Amino acid sequence: QVQVVEFGGGLVQPGGSLRLSCAASGLSLGDYAVGWFRQAPGKEREGVSAMNSHNGRTWYIDAVKGRFTMSRDNAKNTVYLQMNNLKPEDTAVYYCVTHSSQGVPAPFYSARWWGGSWGRGTQVTVSS
């Protein structure tokens with residue numbers, strides 16, 4: 001059975017940094033595209049970033065470009081989201097999701113096209 005778990009969330013001041021981790025059991029993350037989504041209270045879940053599995057190409061929404069960086073460590077079967085210069089509007093529950101193939105679905109920021117497994121999320125709160 002596939003399980004995806006996110007961790008690394010927390011409370012951070014504006015301008016601070018956090019690194020989220022996404023670990024999986026029952027599948028090798030290196031074989032599939034992986035995405036990060038977030039959902040703020042009262043808002044729809046939105047895609048933040050994605051990475052394919054064959055060449056590590058990444059995609060980001062404009063709101064996080066230059067601040068967030070996605071990476072993977074296949075030896076640890078873990079995907080990361082490094083978040084720098086965090087802003088209050090980044091506050092949300094962050095989710096990791098796998099796809100059913102190596103390529104990132106299009107558009108990557110739409111949750112409906114991701115065909116793999118979702119984690120339960122980790123809370124990120126940016127506040128002074």
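Heavy-atom basis, side chains included; hydrogens, waters and symmetry copies ignored. These numbers were taken from a predicted model, which means no experiment stands behind them.
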Show the nearest heavy-atom pair for residues T78 and S21, with the distance to one decimal. CG2-CB, 4.0 Å
Determine, stepwise, if the pair N74 / N77 fulfils side chain to side chain donor-acceptor pair (under 3.5 Å). CA-CA 5 Å; N74 290 339; N77 204 26; over 6 Å; no
Could you walk me through whether Y32 and S100 satisfy the side chain to side chain contact (heavy atoms under 4.5 Å, CB included) test, starting with their C-alpha distance in whole Å, then the side-chain angles of each, then the deciding distance to 0.1 Å, before giving a yes or no? CA-CA 6 Å; Y32 301 94; S100 52; 5.6 Å; no
State, yes or no, whether a side-chain contact exists between N85 and R67 at a heavy-atom distance under 4.5 Å. yes
Side-chain heavy atoms under 4.5 angstrom apart, residues restricted to Ile, Leu, Val, Met, Phe, Trp, Tyr: same cluster for W36 and I61? yes
Any heavy-atom pair between the side chains of L29 and T98 that's under 4.5 Å? yes
Looking only at heavy atoms, what is the nearest atom pair of V93 and G121, with distance? CG1-CA, 3.8 Å
Atom CG of L20 and atom CE of M70: how far apart are they, to the nearest 0.5 Å? 10.5 Å
As an exercise, state the distance from OH of Y60 to CG of L81, rounded to the nearest 0.5 Å. 7.5 Å
First locate atom CE of M83, then atom OG1 of T69, and finally report the distance between them rounded to the nearest 0.5 Å. 11.0 Å
Aromatic contact, W113 with F108 (centres under 6.0 Å): no
Tell me, do V4 and C22 make a side-chain contact under 4.5 Å, heavy atoms counted? yes
Determine whether V5 and L27 fall in the same hydrophobic cluster, where Ile, Leu, Val, Met, Phe, Trp and Tyr are linked whenever their side-chain heavy atoms lie under 4.5 Å apart. no
Note: K87-D90 ion pair, threshold 4.0 Å (strictly below): no
With side chains defined as the heavy atoms from C-beta onward, is the minimum distance between Y95 and E6 less than 4.5 Å? yes
Can you give me the closest heavy-atom contact between S17 and V12, atom names plus distance? N-CG2, 3.8 Å
Between S128 and P14, which heavy-atom pair has the shortest distance, and what is it? N-CD, 3.7 Å
Angle between ring planes, Y94 versus F68, binned at 30° and 60°: parallel, tilted or perpendicular? tilted
Do V124 and T91 have side-chain heavy atoms sitting under 4.5 Å apart? no
Report all side-chain donor-acceptor pairs from residues 41-51 shorter than 3.5 Å, counting only partners two or more places apart or in another chain.
residue: R45; atom: NE; partner: Q39; partner atom: OE1; Å: 3.4
residue: E46; atom: OE2; partner: R38; partner atom: NE; Å: 2.6
residue: E46; atom: OE2; partner: R38; partner atom: NH2; Å: 3.1

Could you report the tightest heavy-atom contact between G9 and T122, atom names first, then the distance? N-OG1, 3.1 Å
D62 side chain to K65 backbone, donor-acceptor under 3.5 Å: no
Where do G103 and A33 come nearest, in terms of heavy atoms and distance? O-CB, 3.4 Å
Separation of R19 CZ from Y80 OH (nearest 0.5 Å): 5.0 Å
So, do V34 and V97 sit near enough that their side-chain heavy atoms are less than 4.5 Å apart? no
Approximate separation, where rounding is to 0.5 Å, of Y109 OH and W59 CH2: 13.0 Å
Drop me the distance from S53's OG to R72's CZ, to the nearest 0.5 angstrom. 6.0 Å
